[in-house]
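Naming: A, B, ... by sequence-line order, numbering from 1 per chain.
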2 protein chains.
Amino acid sequence: MAPDAAPDLGMVDALAQLSFLVQGTLSRHAAAQDLSIIQTRLLGILRDREPTMQELARLLELDKSSVTGLVDRAEKRGLVQRTPSTDDRRAIRVKLTALGRRTGLAIRNGFQVDVALATQSLSEAEKKDLSTLATRVIAARAAERGYTTSTKNSS
Amino acid sequence: MAPDAAPDLGMVDALAQLSFLVQGTLSRHAAAQDLSIIQTRLLGILRDREPTMQELARLLELDKSSVTGLVDRAEKRGLVQRTPSTDDRRAIRVKLTALGRRTGLAIRNGFQVDVALATQSLSEAEKKDLSTLATRVIAARAAERGYTTSTKNSS
DNA sequence: TATTGTTATACTCTATAACTATA
DNA sequence: TATAGTTATAGAGTATAACAATA
């Protein structure tokens, strides 16, 4: 049942390769809904936010003009909606439509199955360790970027 | 020194968000060399291989026509080189140039610094745990895809 | 016939620069 | 003047379909 001990790749290669593995998996489930990774990420970010275009640009680390196109395409597909901001007449807020929320969930559910498969060789304790350690790395980064406490986003 | 306990995001969100964090970091160091993530990944894969175009397509999970363009642009910049395959006159092999190897290393070195920063709040034991667990997830996947033992690639 | 690689084409994604409207 | 957002433009990255050369 235990094949060979995996020689540790070291933190640098392990994190890089894991990120490619995860992005590939996410990409396949996004493609099943005819969406790209970045569109999927947009849906994930909007899951619990209604940011302005500028805030979206900061969250996605994209230029504001890139966000315009991204939101254009998502809106054309009925996944998100632009609404005027109440307090600043220059700004607009972007929010999920019901379809956008459903689509994001469908992708997430498919991804979840693959995550379970990918981690099935780990014990329950090891799974807990992995998600906890990953969470701590993310939280440290969020703190650096000045996010307030528990910030759920992506996927 | 210990801020708040990070509430565990769960495996699904933790892996997805970590992958975006890592890709963003990698992307910034790639951009410092005026390269994209996918070009950087190409350099990483070629670090210890001289695959044919078709093998490259499988490794990158891209269509062969996409790989043609990718290698075209890398070759134009002097990062890789096409050489005819000795055993099959239809096939060609792609390999790194000295510049390609240097550039890949420069990106990797920059990335390594950020990885150290991102994980500095973990104890040495925790770092070891994280890289080991990540390695095991990668190894399980590699086994599924039929790779032979220790396969170093990416970054 | 099947496989390897390229070309033609179309679309998404991205940044830069210039613009409009509001602050 | 500065900020929020869009438009125009150019280029990378991607897939599909059709092709040439070789197996």
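One finds the CG atom of A:L46 at 11.5 Å from the CD atom of A:Q81 (value rounded to the nearest 0.5 Å). Residue A:Q23 holds its CD atom at 5.0 Å from CZ of B:F20, rounded to the nearest 0.5 Å. In this structure, CG on A:L18 lies 8.0 Å from OG on B:S19, to the nearest 0.5 angstrom.
Proximity of A:S66 to the phosphate of C:dA15: a side-chain N or O atom is located under 4.0 Å from OP1 or OP2.
Between the side chain of A:T119 and the backbone N or O of A:L122 there is no donor-acceptor pair closer than 3.5 Å. Of the possible polar contacts, none joining the B:T135 side chain to the A:A14 backbone as a donor-acceptor pair under 3.5 Å is found. In this structure, the side chain of A:Q39 does not engage the main chain of A:S36 through any donor-acceptor pair within 3.5 Å. Between the side chain of B:E75 and the backbone N or O of B:R82 there is at least one donor-acceptor pair closer than 3.5 Å. Looking at A:R47, its side chain never comes within 3.5 Å of a backbone N or O of A:R101 through a donor-acceptor pair.
One can place CG of A:L60 at 10 Å from P of C:dA15, the figure rounded to the nearest angstrom. If you measure from atom CG of A:L70 to atom P of C:dA15, you get 10 Å, rounded to the nearest angstrom. Between A:R58 atom CZ and C:dA15 atom C1' the separation is 20 Å, expressed in whole Å.
Place B:D88 and A:E61 on DNA chain C by their nearest nucleotides, and B:D88 ends up nearer the 5' end.
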For every nucleotide of nucleotides 5-10 of chain C, 5' to 3': is a protein heavy atom under 4.0 Å from its base (B), only from its sugar-phosphate (S), or from neither (-)? BBB---
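On the nucleic acid side, DNA chain D has its first and last nucleotide under 4.0 Å of a heavy atom of chain A at D:dA2 to D:dT7, going 5' to 3'.
A side-chain contact (heavy atoms from CB on, under 4.5 Å) with A:L62 holds for exactly one of A:I38, A:T68, A:L56; it is A:I38.
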Could you walk me through whether A:L70 and A:L60 pass the side chain to side chain contact (heavy atoms under 4.5 Å, CB included) check? CA-CA 11 Å; A:L70 205 59; A:L60 292 166; 3.8 Å; yes
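Counting only Watson-Crick or G-U wobble pairs whose defining distances are both under 3.5 Å, the stems of 3 or more consecutive pairs in DNA chain D are C:1-23 with D:1-23.
When every heavy atom of B:A57 is checked against every heavy atom of B:V67, the shortest pair comes out as CA-CG2, 3.6 Å.
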